[in-house]
Amino acid sequence: MEWEELVELMKKKKAKPDKSLYEHSKGGAEGIAKVLLSKVPHDPSLEPCLLRHVFLHDLGKLDDRFQAKLEGNVKRAPPHAYLGVELASAFLACNEPFRSIALASILSHHSDLHQGLYEREIDRGGEKLIVDGKVLSNPSDFVWELREAVLGGGDLEDYGLDPVNVRALYTLFNGLLRVSDWLESAGMKAETYHLSGDWAREKTLEYLEKRGGFEPRDYQLAVLGKGGGYFRLPTGDGKTETSLLATPPDEAVKLVYSLPTITTTEAMRRRFEAVFGGEKVSFAHSLLFLSLYYRGGALDERLLHRYAMKPVFVSTVDQVLLAFLNYPRYPVREFALRGGAHWIIDEIHAYSPYTLSLILDGIEYARRHLGGAEVTVMSATLPSPPLAEELEKRGPETTDSVQKGGGEVFFKEEG
């Protein structure tokens, strides 16, 4: 099959009852993914591969049984991610190892990548891609080899990639694919996912001025737009506002605010909705379902909130740490921290040693492998010297400080 034939076929087949496969695929790749990538630091040479794999991700929907399901003629169809990956490989002209990682992303855009993924379909060996009555591929052997190449590690080690680098590349591809797919399917625009410019700072200043002509304090002016740091300020002296004002004006594309408890998260969620507007704030914790129910039964918004699909995300810290522990849909969770995201961790003193160790590892991973996310750590009483030393090793570099009463704000001299 030639490229022109594939495009014509995609225009004839449906991705959804009211949308062709071509419209959905092009909208996801060009309308969403391309805009998201403009905000996320990445190797420019990877962009054609990233965008093409988004365009090709749903080729399994060409299958006759999927089309019959859309028309209501059958109740079930074989998984389209499995059916379409071998056909997608024929049109994915990427260099290795990125080609294998892109195909693994397509294979797992509905089910997280693991050793047993689509084992039943592989064992059957009979689930073929059938289009207009003709068999286009039998992907069982292809899927098994692809799965082993990416998860076995042997084939990719030849390219100088260790498992951590492979994982970071996979979450870039798969996070981009899933977020683009979800936004396009929901009829949302890419611009609803990210911050723009110094929006967070302006909204914070507007909010404070409305509360009585507030003017920024010296230490808040000192950190304005400077990015991550360590803030120790007495209770009531504006730690939250100070951290928001430190958000870089250009680099920051997502605001992620982590707290230790559900109660403090709910309180901060209400506060952020007042600052930024409810349509800009998503939130998550272990009782999200109940919280949405009491807000008026907005249960269909669970995915938008839990996976940080809005530009401001406030949650208990576990909702962020789950991304680093390969919890279900972890590439989507991790994608929110990519690029110049500003991750603010409040009340750092409140965590157990076990959780604190995960936070420290998470900070280090985010800064090294997710495009240099900005991290701000805050408390009224920053912990003991050993922890402060660990934070300094793994977190942002600071070159200056401002003292304020019993507190001190450490930050970068240049943003």
Side-chain angles (χ1 to χ4, degrees), residues 15 21 24-25 28-29 32-33 36 42 46 49-63 66 77-92 94 96-124 127 129 137 139-156 161 163-185 303 306-307 309 322-336 338 369-370:
L21 180 55
H24 171 64
S25 301
I32 305 293
L36 293 178
H42 61 283
L46 285 181
C49 189
L50 285 160
L51 296 178
R52 177 59 66 89
H53 110 287
V54 173
F55 181 82
L56 297 171
H57 78 280
D58 268 349
L59 290 189
K61 291 183 177 180
L62 294 169
D63 188 82
F66 183 87
H80 65 268
Y82 170 83
L83 290 179
V85 67
E86 186 175 25
L87 179 61
S89 72
F91 298 97
L92 195 64
C94 309
E96 291 288 4
F98 311 113
R99 183 174 182 274
S100 291
I101 291 172
L103 291 169
S105 174
I106 291 173
L107 183 66
S108 59
H109 74 273
H110 285 296
S111 304
D112 290 320
L113 191 61
H114 59 86
Q115 287 287 357
L117 181 60
Y118 296 124
E119 192 68 37
R120 184 172 61 180
E121 286 75 14
I122 292 172
D123 288 343
R124 287 176 180 173
E127 296 291 11
L129 176 63
S137 75
S140 58
D141 289 343
F142 181 88
V143 169
W144 187 89
E145 291 172 4
L146 173 65
R147 201 180 62 186
E148 292 303 305
V150 176
L151 294 176
D155 291 349
L156 298 188
L161 296 177
V164 176
N165 288 323
V166 171
R167 183 190 183 282
L169 272 172
Y170 168 73
T171 60
L172 170 62
F173 275 82
N174 195 249
L176 176 70
L177 171 50
R178 292 201 196 196
V179 171
S180 300
D181 192 19
W182 289 6
L183 290 175
E184 204 287 328
S185 295
L303 290 180
R306 188 174 299 283
Y307 299 106
M309 303 299 280
L322 286 172
F324 310 130
L325 300 176
N326 294 2
Y327 193 76
R329 297 189 176 100
Y330 65 91
V332 183
R333 294 174 183 268
E334 196 165 293
F335 194 75
R338 283 201 170 268
H369 298 284
L370 301 183

With the side chain counted from C-beta on, respond yes when [X] and [Y] share a heavy-atom pair under 4.5 Å apart, and no when they do not.
X: Ser137; Y: Val85; value: no
X: Ile122; Y: Tyr82; value: yes
X: Glu86; Y: Val143; value: no
X: Leu83; Y: Lys61; value: no
X: Leu322; Y: Tyr330; value: no
X: Leu62; Y: Leu87; value: yes
X: Ser185; Y: His24; value: yes

Practice problem: With side-chain contact (heavy atoms from CB on, under 4.5 Å) as the test, would you mind laying out the steps for Thr171 and Phe335 before giving the verdict? | Solution: CA-CA 7 Å; Thr171 60; Phe335 194 75; over 6 Å; no
Practice problem: Run the numbers on Ser100 and Glu96 for side chain to side chain donor-acceptor pair (under 3.5 Å), then give the verdict. | Solution: CA-CA 6 Å; Ser100 291; Glu96 291 288 4; 2.9 Å; yes
Hey, does the side chain of [X] reach the backbone of [Y] with a donor-acceptor pair shorter than 3.5 angstrom?
X: Asp63; Y: Leu129; value: no
X: Arg178; Y: Ser105; value: no
X: Ser111; Y: Ser108; value: no

Using 0.5 Å steps for rounding, measure from the [atom1] atom of [X] to the [atom2] atom of [Y].
X: Ile101; Y: Leu161; atom1: CD1; atom2: CG; value: 6.0 Å
X: Ile106; Y: Ser89; atom1: CD1; atom2: OG; value: 8.5 Å
X: Leu370; Y: Phe324; atom1: CG; atom2: CZ; value: 6.0 Å
X: Asp181; Y: Leu176; atom1: CG; atom2: CG; value: 10.5 Å
X: Leu117; Y: Leu151; atom1: CG; atom2: CG; value: 8.5 Å
X: His369; Y: Arg338; atom1: NE2; atom2: CZ; value: 10.0 Å

Exercise. Might you work through the side-chain contact (heavy atoms from CB on, under 4.5 Å) test for Leu303 and Met309, ending with a clear yes or no?
Key: CA-CA 8 Å; Leu303 290 180; Met309 303 299 280; 5.9 Å; no
[X] versus [Y], closest heavy-atom pair with distance:
X: Ser180; Y: Leu36; value: OG-CD1, 3.7 Å
X: Phe66; Y: Gly60; value: CB-O, 4.5 Å
X: Ala104; Y: Val150; value: CB-CG2, 3.9 Å
X: Leu92; Y: Cys49; value: CD1-O, 4.2 Å
X: Tyr118; Y: Ala81; value: OH-CB, 3.6 Å
X: Glu184; Y: Gly28; value: CG-N, 3.5 Å

Exercise. Using the side-chain contact (heavy atoms from CB on, under 4.5 Å) rule, take His109 and Asp58 through it: C-alpha gap first, then chi angles, then the decisive distance, then the call.
Key: CA-CA 9 Å; His109 74 273; Asp58 268 349; 3.2 Å; yes
Quiz item: Checking side-chain contact (heavy atoms from CB on, under 4.5 Å) for the pair His110/His80: CA distance, chi angles, key distance, verdict?
Solution: CA-CA 9 Å; His110 285 296; His80 65 268; 3.3 Å; yes
Practice problem: Fit a plane to each ring of Trp182 and Tyr307, take the angle between them on a 0 to 90° scale, and name the class: parallel (under 30°), tilted (30 to 60°) or perpendicular (over 60°). | Solution: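 Rings of Trp182 and Tyr307: perpendicular, over 60°.
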Quiz item: When Asn326 is tested against each of His114, Arg167, Glu334 for side-chain contact (heavy atoms from CB on, under 4.5 Å), which residue passes?
Solution: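 Per the side-chain contact (heavy atoms from CB on, under 4.5 Å) rule, the option paired with Asn326 is Arg167, out of His114, Arg167, Glu334.
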Quiz item: Tell me the salt bridge (Lys or Arg N to Asp or Glu O under 4.0 Å) pairs involving residues 113-123, sequence neighbours left out?
Solution: Glu119-Arg147
